[in-house]
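Structure, as structure tokens:
Along the sequence shown, the residues carry numbers beginning at 1.
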Amino acid sequence: MDSLEVNIYLETTYQGPARRQMSGAWLVEYLLRTGQPVTRGGVLFSNLATENEMTLRLMALAFSILTKSCCVRVFTRCTHVLNTMQNHWLWQWQKNGWKNAKDKPVGNADLWKECAGLIANHVTEWTDEEHSYRQCMVDRTRKEMEREHEMQDECGYLVIDVPEWNTRCRDAKRDGKKI
């Protein structure tokens, strides 16, 4: 039996290394045998994050709902994540005890370790190509930036459910929204 083909889309409100208030969106999509698309997704908000931190957290959220090995195509504009995955740096960092090529500790190593564990059983492809969900996701992340969010921790993250992004093809209560 062939592996399920899954697309993961990751979008953030800002690009670059500056720490700032930021939101990001993740969306997981696959097709049923009938050809009907199934999606799961949401938004993440933080008062203080970098693009890399946000993208890694979005990646962890997206991959965490995959319960079996899949062929996954990840769409992101985060240059650092793209370079890391396309150049196989993640696996080299693991071999080097989470040190980079200059023998310095890898930035966001805890997040990279979490993501490495989540993607290990999947075949992945990484791209910054355009996709049909981009504008919808960007609009929603900008909308969350305009809202007042009650945050317990200045550096914490708030997961925001987006019901319209979560199709109801299966029994969500039984499946726990996992694929």
Following the transitive rule for hydrophobic clusters with a side-chain heavy-atom cut-off under 4.5 Å over Ile, Leu, Val, Met, Phe, Trp and Tyr, establish whether [X] and [Y] coincide in one cluster.
{"X": "L32", "Y": "V72", "result": "yes"}
{"X": "V159", "Y": "M59", "result": "yes"}
{"X": "W91", "Y": "V81", "result": "yes"}
{"X": "I119", "Y": "W98", "result": "yes"}

Separation between [atom1] of [X] and [atom2] of [Y], rounded to the nearest 0.5 Å:
{"X": "M54", "Y": "L44", "atom1": "CE", "atom2": "CG", "answer": "4.5 Å"}
{"X": "E146", "Y": "E148", "atom1": "CD", "atom2": "CD", "answer": "11.0 Å"}
{"X": "L10", "Y": "L27", "atom1": "CG", "atom2": "CG", "answer": "9.5 Å"}
{"X": "T50", "Y": "H80", "atom1": "OG1", "atom2": "NE2", "answer": "9.0 Å"}
{"X": "R33", "Y": "L4", "atom1": "CZ", "atom2": "CG", "answer": "9.5 Å"}
{"X": "C115", "Y": "L90", "atom1": "SG", "atom2": "CG", "answer": "8.5 Å"}

Parallel, tilted or perpendicular: rings of H131 and Y9 (30°, 60°): tilted
Would you call [X] and [Y] a side-chain contact if the rule is heavy atoms closer than 4.5 Å?
{"X": "N166", "Y": "D161", "answer": "yes"}
{"X": "N52", "Y": "P17", "answer": "no"}
{"X": "L111", "Y": "R57", "answer": "yes"}
{"X": "L61", "Y": "Y157", "answer": "no"}
{"X": "E114", "Y": "F63", "answer": "no"}
{"X": "T167", "Y": "Q36", "answer": "no"}
{"X": "M22", "Y": "L48", "answer": "no"}

Test log, rule side chain to side chain contact (heavy atoms under 4.5 Å, CB included), inputs W165 and M137: CA-CA 10 Å; W165 291 0; M137 294 172 76; 4.0 Å; yes
Between [X] and [Y], which heavy-atom pair has the shortest distance, and what is it?
{"X": "C78", "Y": "T55", "result": "CB-OG1, 3.5 Å"}
{"X": "V106", "Y": "N100", "result": "CG2-N, 3.9 Å"}
{"X": "R134", "Y": "D128", "result": "NH2-O, 4.0 Å"}
{"X": "S64", "Y": "L118", "result": "CA-CD2, 4.1 Å"}
{"X": "M145", "Y": "Q21", "result": "CE-O, 3.3 Å"}
{"X": "S3", "Y": "C71", "result": "CB-SG, 3.9 Å"}

Distance-only side-chain donor-acceptor flag, R20 / Y14, under 3.5 Å: no
H122: which of L66, V74, I8 passes side-chain contact (heavy atoms from CB on, under 4.5 Å): L66
[X] side chain vs [Y] backbone, donor-acceptor pair below 3.5 Å:
{"X": "N7", "Y": "V28", "result": "no"}
{"X": "S23", "Y": "T141", "result": "yes"}
{"X": "E51", "Y": "T12", "result": "no"}
{"X": "T84", "Y": "W89", "result": "no"}
{"X": "E29", "Y": "T39", "result": "no"}

Greater than 12 external heavy atoms within 6.0 Å of Q15's CD: yes
Set of residues satisfying ring-ring contact (aromatic ring centres under 6.0 Å, His included) with respect to F45, sequence neighbours excluded: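 H149.
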Basic-acidic side-chain contact under 4.0 Å: R147, E144: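 Between E144 and R147 there is a salt bridge, with a charged N closer than 4.0 Å to a carboxylate O.
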Ion pair check, E53 and R19, cut-off under 4.0 Å: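 Salt bridge present between E53 and R19.
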